[in-house]
Novice: 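Following this message is one structure expressed as structure tokens.
Start at 1 and go down the list; that is how both ligands and their atoms are numbered.
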Amino acid sequence: MMIPRSHPRYRSLMIREKLADGFRRGLVHETGLIAHGRGEAFDYLLGERTLDISLKAEKVATALLLLAENPVISVNGNTVALAGRECVELSKKIPAKIEVNLFHRSEERVRRLAEVLRSFGAEEVLGEDAEERIEGLDHPRGICSRDGIYSADVVLVPLEDGDRCEALIRMGKKVIAIDLNPLSRTSRTATITIVDNVVRAIPNMVRWVDELKREDRERLHELVDGWDNEKYLREVLNRISKRIKSDQVIRLDHEPL
Ligand code: PTJ
């Protein structure tokens, strides 16, 4: 469907179109459309923009990726449909490996997603011949690659489910989650949570790499060590509730609702 640029919800509708297109191409699972709806609702409450504190979370997360020995970006259907090109860009800049890891795993969808990532310039995509399992995760999402998620010290997981996040943490890994829901189990379990839309978070992180590459490792350590994830999540909830309580949001000319 053609969406006119003048539509007040243009950007949000275009994101939906990308997902619907991904679904038609066999990249996005049908329940991915539902998951997106939940994400959208939270994005609406955030004002559909990156909070200043979330931009800081993205900076700290990028520092952690730069410090890692074997960083891996784990992608699923929604992530590739919405920010696949940017994930490849980020993986090259860090540099980090990229692995397809699906909740509703089918070898066919893994293959298709890997193909799309390669068309965006990824030289190596892990996950197709995954031979290991994340310990304590009795689910296809536990299938992972030995050189990738299995041996990673830091994993970036946009649109994660709580179970796997917990399992990865139990394996001693540091997990960076991108989740619009600050109340989810993933958000509360991750080492660093980014409460932002993947369509904004990943490009922001790409920009942070350029800036942080000029810093020495000590400064990157300072950033990571100084981060308090629980305090951050509390502040995100504060911002949401302040925004809802403000009588501004009820006015029709108020941006961006
Ligand atoms: O491609 P697959 O098979 O791996 O399927 C992936 C889905 C998304 C279906 C699967 O991981 C799932 O069911 O996810 P959940 O448990 O519904 O969690 C998705 C979380 O991501 C929710 O907390 C949403 O708020 C959040 N979310 C949805 N869209 C976005 C998002 N977070 C950031 N950016 C988004 N665009």
Side-chain angles (χ1 to χ4, degrees), residues 11-51 54 57-58 61 73-84 86-87 90 98-114 116-117 125 127-128 130 134 137 139-144 149 155-168 175-190 192-205 233 236-237 240:
R11 259 192 305 172
S12 170
L13 294 177
M14 284 307 289
I15 296 175
R16 281 190 183 176
E17 271 307 298
K18 270 193 179 178
L19 266 185
D21 182 55
F23 174 67
R24 287 187 289 265
R25 290 165 58 206
L27 303 174
V28 172
H29 189 262
E30 59 211 31
T31 61
L33 303 176
I34 302 169
H36 182 72
R38 183 191 295 166
E40 264 189 351
F42 280 103
D43 208 9
Y44 203 84
L45 296 175
L46 289 166
E48 294 171 332
R49 67 199 147 76
T50 304
L51 298 177
S54 298
E58 286 154 4
I73 303 175
S74 169
V75 296
N76 65 358
N78 289 44
T79 306
V80 173
L82 295 179
E86 292 79 4
C87 283
L90 184 64
I98 193 158
E99 177 165 344
V100 178
N101 177 277
L102 302 181
F103 189 74
H104 304 279
R105 188 179 175 100
S106 83
E107 296 312 314
E108 176 59 17
R109 200 153 62 89
V110 175
R111 193 189 57 73
R112 281 191 194 163
L113 289 164
V116 170
L117 292 167
V125 180
E128 280 181 287
I134 299 169
L137 200 62
H139 185 277
R141 200 156 191 189
I143 301 170
C144 65
I149 292 170
V155 193
L156 168 65
V157 280
L159 272 84
E160 177 61 329
D161 64 279
D163 272 8
R164 192 175 71 132
C165 187
E166 277 172 8
L168 290 171
V175 177
I176 302 164
I178 302 176
D179 191 339
L180 279 161
N181 178 3
L183 300 167
S184 73
R185 213 147 40 92
T186 299
S187 286
R188 287 177 290 136
T189 312
I192 298 175
T193 308
I194 296 169
V195 183
D196 198 5
N197 198 318
V198 277
V199 303
R200 297 187 298 266
I202 302 284
N204 285 342
M205 291 173 79
L233 289 176
V236 170
L237 288 172
I240 292 176

Novice: Would the distance check show the side chain of N76 and the main-chain N or O of T79 forming a donor-acceptor pair, the cut-off being under 3.5 Å?
Specialist: yes
Novice: Which pair of heavy atoms, one from C165 and one from T189, lies closest together, and at what distance?
Specialist: SG-CB, 4.0 Å
Novice: Report yes or no: does S106 contribute a side-chain atom to a donor-acceptor pair with the main-chain N or O of R109 at less than 3.5 Å?
Specialist: yes
Novice: With F103, which residues qualify under ring pair (Phe, Tyr, Trp, His ring centres under 6.0 Å), at least two apart?
Specialist: H139
Novice: Show me, by chain and number, every protein residue that has a heavy-atom distance under 4.0 Å to ligand 1.
Specialist: T31, G32, A35, H36, R38, G39, N76, G77, L82, L102, F103, H104, R109, R141, L159, E160, D179, L180, N181, D196, N197, V198
Novice: Is there a donor-acceptor pair under 3.5 Å between the side chain of D43 and the backbone N or O of G39?
Specialist: no
Novice: Which pair of heavy atoms, one from P182 and one from L233, lies closest together, and at what distance?
Specialist: O-CD2, 4.0 Å
